[in-house]
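Chain letters run A, B, ... following the sequence lines, proteins first and then strands; every chain starts at 1.
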Amino acid sequence: MTTTTTTAPVLTATGVTMRFGGLTAVRSVDLAVHPGEIVGLIGPNGAGKTTFFNCLTGLYVPTEGTVSYKGTVLPPKPHMVTQAGVARTFQNIRLFANMTVLENVLVGRHTRTKEGLWSALLRGPGFKRAEAASRERAMELLEFTGLADKADHLSRNLPYGEQRKLEIARALASDPGLLLLDEPTAGMNPQETRVTEELVFAIRDRGTAVLVIEHDMRFIFNLCDRVAVLVQGQKLVEGTSDVVQSDERVVAAYLGTPFEGDPGEEEAAEVEAAEAGAGGAGPKKSAVTGDAESTTARTEDEQ
Amino acid sequence: MSTDTTKNTARNTGAAPRTTLLRALTAAGGLAGVLSTFLAWTWTDEFPGDLTVYGYPGGLQLLTLVLALATTLFALSALEIRGLRWLTPAGSTAALRAAALGTFAVTWFTVIAIAVDLDGLVNLEPGGYVAALATAAPVATAFLLPDDTRPICRPKELPSWAEILIIAGAFAVGLYVLNYGIQTDAEHPEPFLGYLIAVIFGAITLTKSGLITRISALTTTHRSTTLIAALVTAVAFPFFQDKASFTELGVNIAIFATVALGLNIVVGLSGLLDLGYVAFLGVGAYTAALVSGATASTIDVHLPFWAAMITGAAVSLIFGVVIGAPTLRLRGDYLAIVTLGFGEIFRLAVLNLDGTSGPSVTNGPNGIPNIPPLEIFGFNFADDHTFAGLTLDSNGNYYLLMLLVTIIVVLVFSRAGNSRIGRAWVAIREDETAATAMGINGFRVKLIAFALGATLAGFAGTVWAHFQTTVVPEQYVFTNTVPPNSTFLLAAVILGGMGTIGGPLLGATLLFLIPKKLEFLQDYQLLAFGIALILLMRFRPEGIIPNRRQQLEYHETGQLDVPDGTGLQNSAVGVTKAEA
Ligand SMILES: Nc1ncnc2c1ncn2[C@@H]1O[C@H](COP(=O)(O)OP(=O)(O)OP(=O)(O)O)[C@@H](O)[C@H]1O
Ligand SMILES: [Mg+2]
């Protein structure tokens, strides 16, 4: 991945800060994503990853900082961000539950088509052509994500894993240059996770850069060219999988142990100590250390 | 009755002998019910619809006759009699129960009404007692039947001319049933109440038996035939009416159904709760009245009607944008409150623009009377016209014009709804955050829906003004006992089924027709209306004609779109429940 660093980034976030009253959920985060890259964003629960995504996509107006896509600053309006070329999925699946699978993807085509009310009412040849083209493109994306045979199902009736895939297909329908995935494998079994991994690689190969939030470390380290670690709203480390994996501060952040130079060490120490005492070291927090074991366990499973 | 049939069928189907016996008894009871309608039920023709004759049924007896016959036929179908099995594709027990219960309800209603109206049971002839007993028996036997276990039968392939014939027949029956209701005597409530009971139970029977599903499947395969049949039925309506007041009912129904359909774009498709929608009808009506050349109009212009229609729609559009633009930026209930306010402001403004409290525009509470009848290219709507031997009176003329407006609105609804913009509306309704994240400009798309709804109401309002010949402010209120009012329109949409075309049309028809025929309820009308709404929301929250989406939303168990071969093979009961 030496070439990617030389090209102009698709996404540049500079000094993004998000405050909710007294709480600073994201504190002065800089991040760049280059064309053809898969970048991971990890961090313990409540670190501000989703909030950062919301700042990037205009769902929140950042208190400070700017986000630009291919050199132009993005206005903090979700539909304009999508129009510009940044699409996203949601951590808590937000499909249009009572629309069919195909219709969901067609809604994703909204920014790349322009037939208005008049053309819908008059139904000229242009309308029919555009509608047919949208359908074709949507079916192609369903084919790509492996949902083509469920095109006419209501999206609420899909199993969980397929709902996540449909969210990806819907996001891809806007032909994005950058795709933001918020925990795309949450709730999936190991097989489904593997399939999603392949899907993300395939998306990258189609020319869409990917920024992905995930708690499954195996998934992240397999996939990402670069990983950024967010802890308490601040970017702690950024680098290749190896660099991040071996960084003791990351391990410490996940385990909740204070370390030398921890940002906000003073106030965090007591809280985290208390949390750890109350059994706060949940499965997600031990993900980094548990990685070695779970990896071997899974490879055995697959054989 | 015939024990040999019982034995035969028991051998054929392997059904438990008890079940077969119960079915046979139900059939026999139904037949007895049919026969009882040929007897006299009372001795005097004071009771509406002459029930005194031996030999042929009349009045309310006809309803008993139809339902009892249905009971018999469904029972025979349950007995797997050849040639009748198609009657119950989704299972017979539930349908039998509904049919038997309906026969019982109509008959007992009639018998009790005779006793109450004429003061005493002495007024019943033996035939009345026979009918009462004969219709009670099948209820007992039908409810002793075990629940359906038979899987749904795959419909038999029919040649397409037969399918088209079935569709035409269904529409003819529909027109006949509607006509029957409209033509019942408004002075006596009994026939209409009986009709209402019969229609409700009849509809339940048809739904439970699976015939409705079967016919709607046919209508989807033969779309254009269905549209033509619907059109022919609608156009034929005024020619069957022998009283001007019946056609007038038809015009009113067409107007309110059209306006409700316009509201359905706003409420049903886009999920925007508009509580002041009737004001847009008022804007259109007042605009048309002002430019109609009426002597009371404060502006001295007389536009031809097509221009008045466009003006009315355009002024409504402007009002829609002015009201929508500031409020649609907000989410949640703001819109409901602002539109509620707007509805009131419209009425108050119209009341006060009378030259004393404000500029002279609307004549205040007097409104604009004597709006001249419509004239399009020399065709005067007030005169009778004869085409090919059929005479259309003034109401008939307006009915056909209104039908044209209805067709336009139906086209607008279906074309807009089934397009990029329509999908955006539904997406906004489903999840506004996700919709904007998919690149939809929520404000813009909602404004288009809101303004389109307003325009369509204004459009219908222009015809309404001429038809009424008067516009007064008091017609355009939030709630009232007589339509139009915003509550009425909203109720028509919700009761009929949100997001569908048929829903608001049917909802408006019922909501207009029922109070008209039940005027004896007087002050209790709103109470009855409220109770009916509560019952409907309890038992069928998705409306009478549900949208496929809503249907699945309210009946979680009914996985209607599971792939063929898994869900549909399961018990018939599960699926019928989902459709109920
Ligand atoms: N709209 C909001 N108002 C107030 N606080 C918020 C809001 N959104 C997020 N927060 C807070 O910001 C912090 C970061 O939340 P965020 O959802 O971004 O975490 P996350 O890193 O995505 O965690 P997880 O891994 O559990 O998804 C949390 O403390 C959260 O409570
Ligand atoms: Mg999150």
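Between the B:S316 side chain and the B:F280 main chain, a donor and an acceptor come within less than 3.5 Å of each other.
Ranked by heavy-atom pairs shorter than 4.5 Å toward chain B, the options A:R109, A:H110, A:R170 are led by A:H110. In terms of heavy-atom pairs under 4.5 Å with chain A, the best-connected choice from B:S414, B:A424, B:A435 is B:A435. Residue with the most contacts toward chain B among A:Q83, A:R88, A:E115, A:M80: A:E115 (heavy-atom pairs, distance under 4.5 Å). With respect to chain B, the highest number of heavy-atom pairs below 4.5 Å among A:T111, A:L95, A:L106, A:L122 belongs to A:L106. Contact count against chain A (heavy-atom pairs under 4.5 Å) is highest for B:N441 among B:L452, B:V445, B:I421, B:N441. Counting heavy-atom pairs closer than 4.5 Å to chain B, the top residue among A:V81, A:T82, A:N104 is A:T82.
Salt bridge absent: A:R164 and A:E192 never bring a charged side-chain N and a carboxylate O closer than 4.0 Å.
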* **Intermediate values then yes/no, side chain to side chain contact (heavy atoms under 4.5 Å, CB included), A:F52 and A:I213** => CA-CA 10 Å; A:F52 182 61; A:I213 297 176; over 6 Å; no
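Neither the backbone nor the side chain of A:A87 comes within less than 4.5 Å of any heavy atom in chain B. Residue contact with chain A, scored on non-hydrogen atoms closer than 4.5 Å, involves the side chain of B:I448 exclusively. When heavy atoms are compared at a cutoff of 4.5 Å, A:L59 approaches chain B solely by way of its side chain, counted from C-beta outward.
Partners of A:T113 by side-chain hydrogen bond (donor to acceptor under 3.5 Å, both in side chains), not counting sequence neighbours, listed by chain and number: B:R420. With sequence neighbours excluded, the residues that form a side-chain hydrogen bond (donor to acceptor under 3.5 Å, both in side chains) with A:K150 are A:E162.
In this structure, a donor-acceptor pair under 3.5 Å is absent between the side chains of A:T63 and A:T17.
Between A:F144 and A:R206 the shortest side-chain heavy-atom distance falls below 4.5 Å.
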